[in-house]
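Inspection log for the structure reproduced underneath, given as structure tokens.
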Amino acid sequence: MPAYITTPIYYVNDRPHIGHAYTTTVCDVWARAMRLRGEDVFFLTGTDEHGVKVEKSAAAKGVSPQALADENAAEFQRVLKVFGLTNDDFIRTTEPRHEKQVQYFVKRLLDAGSVYLGTFEGWYDEGQEEYYTETRAKELDYKSPISGRPLTRATEQNYYFKLSSFQKQLEDFFAANPDFVQPAARRNEVLGRLRDGLQDVPVTRTNFTWGIPFPGDEKHVIYVWIDALFNYITALGLGEPGGTLATQRAKYWPAAYHVIGKEILWFHAVIWPALLMALELPMPRRIHAHSFWIADGQKMSKSMGNFVDLPTIEGYFAKYGLDAWRWYMATQGPLQASDSDFRAQHFHETYTSDLVNVVGNCPSRVTAMINKYFEGKMPADSQSGGEWPAKCAAAVTTWNAAIDALDLVGAAQAAMGLLREIDAFIHRTEPFKLAKDPARADELCSILAQCAETVRIAGVLLEPFLPAKMAELRVALKQDDGAPLSKRVAWGGIAPGTALEKCALFPRLEA
RNA sequence: GCCGAUGUAGCUCAGGUGGUUAGAGCGAGGGAUUCAUAAACCCUAGGUCGGCGGUUCGACUCCGCCCAUCGGCACCA
């Protein structure tokens, strides 16, 4: 079955930071894992480029909105390369292919009666050009928080999406698909809010022009959120049935995973499914809303200026390497309901205890003994692997289930658990003592062959997390990476007599 | 303010339909050892299980109140 995974499209008004890097890395690990299995994977990311904020920023800089979007989109694309991320496409919402399809979808919603022209009335701040909700306006004593001038009662004509009419259908869908929104805490949040009842949502704006024109009424532009959500299917060409893009990519819909941050849950868990229902398109399989990184115990914010930004991240690459960064993101990140704290010391400890002491050290001691006792030649195992083939198979099963559930920690632990068991096995069987007893040579051969083979298999399972370092391990073990997972984790991949090199994958570093 | 969640060892978190000594990983201290990147291994850590009150023979686990933190409260990308 084709596997489709998406990140949100990133707002071009932002500079790339750890938040973007995190979401994209999570998707990248998953995409690599699925490709390793031999699945047909499509991994999408991109940029969201419309909206009043972009228009204003561009004006402030004295450039056109498109020029600003071009510059920042290019920066996001450059960053993806620096991070070694393997997205299959990069969609930009100002591309004609996207705009045309969004208009097609909106037109269909209009024709189906799911979008209608309505009137919005509310408290308007003329200086700020924004509306406040009734409660917020009351809090402000009906005065502008900026200018102090009284708010005015204003009305505006907008097109609305009949979200309210999907209440029942959404409730039924959530009931039938309890895993649709992950993690469970986020699902409960959505259900709670759903119980309060849905109101129709405006899908157009008239107070600025930097957006996709509303089909048939061009003084309206399509609200950025609606525009942005459609990226998930415009990239597959679903808005141009029969087109070239659709021919190649329509098979990827419905998406397996929309990975998002918790701040945009409502749009993805409720509005997006309702839009798809209105268009009679299939639902994505899962929405996974991760939480946020905080920095040294403090919430990251623009005003605090404490975002873990690109230069900071590149500092970690320089010191620890890209794979170490991926490992920290994937195993220590906020994939579940609570936030994770990014701390330099924690990063260092994770690097040392996981990567140096286990993932680096275990292959090192195994290849070192084989070099010392067998001149580097893979020994023959008269025990056919003993208990290890079954242990490896169990780890693969656990790993597969974890990947299916986007449980990156579980998958990483399944792989690393094998290495920890090999360490224990070496401790128990003491091959370094057997080496001194010629009468027990056969036993020694079996033990070290089993160790090497298990290390090889663990290395395969670690590839999505540590692609560069596991490539080094493959070279040391004289392996290639062509075959699908099932073949590569089969016992006996290293032929007896193969010349194995000593390897030291992760150097110990000072804090 | 309203709704929801969380609060357990230095850090990150498990756990228990109430019952003798509350667990893991990491960090820290000590030991033994060498195949290995002084790594793997063994031992140690005494934390009033957020606070107060209640129910009970007995609560960290049940109930109430309070405090703190986090999320949501719709036009915010």
Side-chain angles (χ1 to χ4, degrees), chain A residues 8-14 47-54 93 120 122 130-133 135-136 138-139 156 158 160-161 163 184-186 188-193 195-205 223-229 260-267 270-271 289 291-292 294 297 299 332 336-341 343 345-346 348-350 352-373 413 419-436 444 447-448 451 502-509:
Chain A
I9 47 176
Y10 302 119
Y11 204 53
V12 276
N13 224 28
D14 286 342
T47 40
D48 179 12
E49 309 189 355
H50 290 124
V52 68
K53 286 187 185 175
V54 175
T93 57
F120 174 80
E130 63 181 311
Y131 284 92
Y132 296 114
T133 59
T135 40
R136 176 72 179 140
K138 196 172 176 184
E139 261 173 44
E156 195 176 301
N158 277 318
Y160 281 79
F161 171 56
L163 183 60
R186 297 269 102 88
N188 291 339
E189 233 169 74
V190 172
L191 291 180
R193 218 170 131 185
R195 273 194 294 276
D196 294 340
L198 294 171
Q199 290 175 25
D200 294 349
V201 290
V203 295
T204 60
R205 288 294 137 91
Y223 179 41
V224 269
W225 256 112
I226 302 303
D227 168 2
L229 284 167
I260 60 170
K262 61 185 176 182
E263 82 282 16
I264 54 178
L265 178 60
W266 185 249
F267 290 92
V270 174
I271 296 175
S291 304
F292 294 151
I294 58 175
K299 197 168 184 166
Q332 305 296 322
Q336 300 305 317
S338 49
D339 294 347
S340 293
D341 197 4
R343 281 178 294 127
Q345 192 193 341
H346 186 227
H348 184 82
E349 286 171 4
T350 302
T352 303
S353 64
D354 290 350
L355 300 181
V356 178
N357 293 354
V358 179
V359 181
N361 187 58
C362 179
S364 167
R365 65 197 304 205
V366 170
T367 53
M369 281 190 274
I370 290 174
N371 268 273
K372 205 162 188 174
Y373 309 141
Q413 280 177 349
L419 298 178
R420 291 190 194 279
E421 284 196 75
I422 284 296
D423 277 333
F425 182 59
I426 292 170
H427 178 249
R428 197 166 62 240
T429 58
E430 301 182 309
F432 40 87
K433 285 187 181 163
L434 297 183
K436 291 168 185 162
L444 177 67
I447 289 166
L448 288 181
C451 288
K502 274 171 78 166
C503 65
L505 300 171
F506 293 95
R508 186 167 301 276
L509 297 169

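Note that these values count all heavy atoms, side chains included, but never hydrogens, waters or copies made by symmetry. Here the structure is a predicted model, which means the values were calculated and not measured. Chain identifiers are assigned alphabetically (A, B, ...) following the order of the sequence lines, protein sequences preceding nucleic acid strands; residue numbering begins at 1 within each chain.
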Worksheet item: What distance separates A/I426 CD1 from A/R365 CZ, expressed to the nearest 0.5 Å?
Response: 4.0 Å
Worksheet item: So, A/S340 side chain and A/Q332 main chain: donor-acceptor pair closer than 3.5 Å or not?
Response: yes
Worksheet entry | Atom pair CD1 (A/I447) and CG (A/L434), whose distance is rounded to the nearest 0.5 Å | 5.0 Å
Discussion item. Taking the P atom in each of B/U61 and B/G53, what is the distance between them to the nearest angstrom?
Written reply: 14 Å
Fill in: Stem list, RNA chain B (Watson-Crick or G-U pairing under 3.5 Å, at least 3 consecutive pairs)
B:1-7 with B:67-73, B:10-13 with B:23-26, B:28-31 with B:41-44, B:50-54 with B:62-66
Discussion item. With rounding to the closest Å, how many angstrom separate the P atoms on B/G7 and B/G15?
Written reply: 10 Å
Worksheet item: Looking only at atom C1', what distance separates B/A24 and B/C49, rounded to whole Å?
Response: 15 Å
Worksheet item: Does the side chain of A/F161 reach to within under 4.5 Å of the side chain of A/I226, using non-hydrogen atoms?
Response: no
Worksheet entry | A/S338 side, atom OG; A/K262 side, atom NZ - distance, nearest 0.5 Å | 8.0 Å
Show each protein N/O and nucleotides 9-13 of chain B N/O combination with a separation under 3.5 Å, one pair to a line.
| unit_1 | atom_1 | unit_2 | atom_2 | d |
| --- | --- | --- | --- | --- |
| B/C11 | O2' | A/R343 | NH2 | 3.1 |

Discussion item. Distance check, rounded to the nearest 0.5 Å: A/E49 atom CD versus A/D227 atom CG?
Written reply: 9.5 Å
Item to complete: Check whether any side-chain N or O of A/S364 sits under 3.5 Å from a backbone N or O of A/G360 as a donor-acceptor pair, and report yes or no.
Response: no
Worksheet item: Between B/A22 and B/A59, how far is it from one P atom to the other, in whole Å?
Response: 15 Å
Discussion item. Restricting to ring-ring contact (aromatic ring centres under 6.0 Å, His included), what partner residues turn up for A/F425, sequence neighbours left out?
Written reply: A/W388
Worksheet item: Any sub-3.5 Å donor-acceptor pair from A/T204's side-chain atoms to A/N158's backbone N or O?
Response: no
Worksheet item: With A/K433, which residues qualify under side chain to side chain donor-acceptor pair (under 3.5 Å), at least two apart?
Response: A/E430
Worksheet entry | Separation of atom CD in A/Q413 from atom C1' in B/A14, rounded to whole Å | 12 Å
Worksheet item: Say you pick atom C1' in B/U34 and the same atom in B/C41; how far apart are they, in whole Å?
Response: 11 Å
Worksheet, complete the sentence: One should read off an interatomic distance between A/D14 CG and A/T47 OG1, to the nearest 0.5 angstrom, of 11.5 Å
Worksheet entry | 5′-ward residue of the pair A/R186/A/G197 relative to RNA chain B | A/R186
Fill in: Nucleotide B/C75, atom C1' - distance to CD1 of A/I226 in whole Å
10 Å
Worksheet item: Is there a donor-acceptor pair under 3.5 Å between the side chain of A/D200 and the backbone N or O of A/L163?
Response: yes
Between the protein and nucleotides 1-7 of chain B, list every N/O to N/O distance that falls short of 3.5 Å.
none

Worksheet entry | Pairwise C1' distance, B/C2 and B/A74 [rounded to whole Å] | 15 Å
Worksheet item: Starting at the 5' end of RNA chain B, which residue's closest nucleotide do you reach first, A/W266 or A/I9?
Response: A/W266
Worksheet, complete the sentence: Letter by letter from the 5' end, nucleotides 34-42 of chain B scores (B base, S sugar-phosphate only, - none; protein heavy atoms under 4.0 Å) -BBB-SBS-
Worksheet entry | Spacing between A/I271 atom CD1 and B/C76 atom C1', to the nearest angstrom | 11 Å
Worksheet item: Looking only at side-chain N and O atoms, does A/R193 come under 4.0 Å of OP1 or OP2 in B/G72?
Response: no
Practice prompt. Take atom P in B/G29 and the same atom in B/A14, then report the distance between them in whole Å.
Written response: 28 Å
Fill in: Same-atom distance (C1') from B/A28 to B/U12, integer angstrom
16 Å
Worksheet entry | Donor-acceptor under 3.5 Å (A/D339 side chain, A/F292 main chain) | yes
Worksheet item: Between A/D200 (CG) and B/C75 (P), how many Å, whole number?
Response: 14 Å
Discussion item. Using whole Å, what does the distance between atom P of nucleotide B/C73 and atom CZ of A/R195 come to?
Written reply: 16 Å
Discussion item. Measuring from atom CG of A/N357 to atom CZ of A/R508, what distance do you get when rounded to the nearest 0.5 angstrom?
Written reply: 5.0 Å
Item to complete: Verify side-chain contact (heavy atoms from CB on, under 4.5 Å) between A/R186 and A/S291, making sure each step is shown before the conclusion.
Response: CA-CA 10 Å; A/R186 297 269 102 88; A/S291 304; 3.4 Å; yes
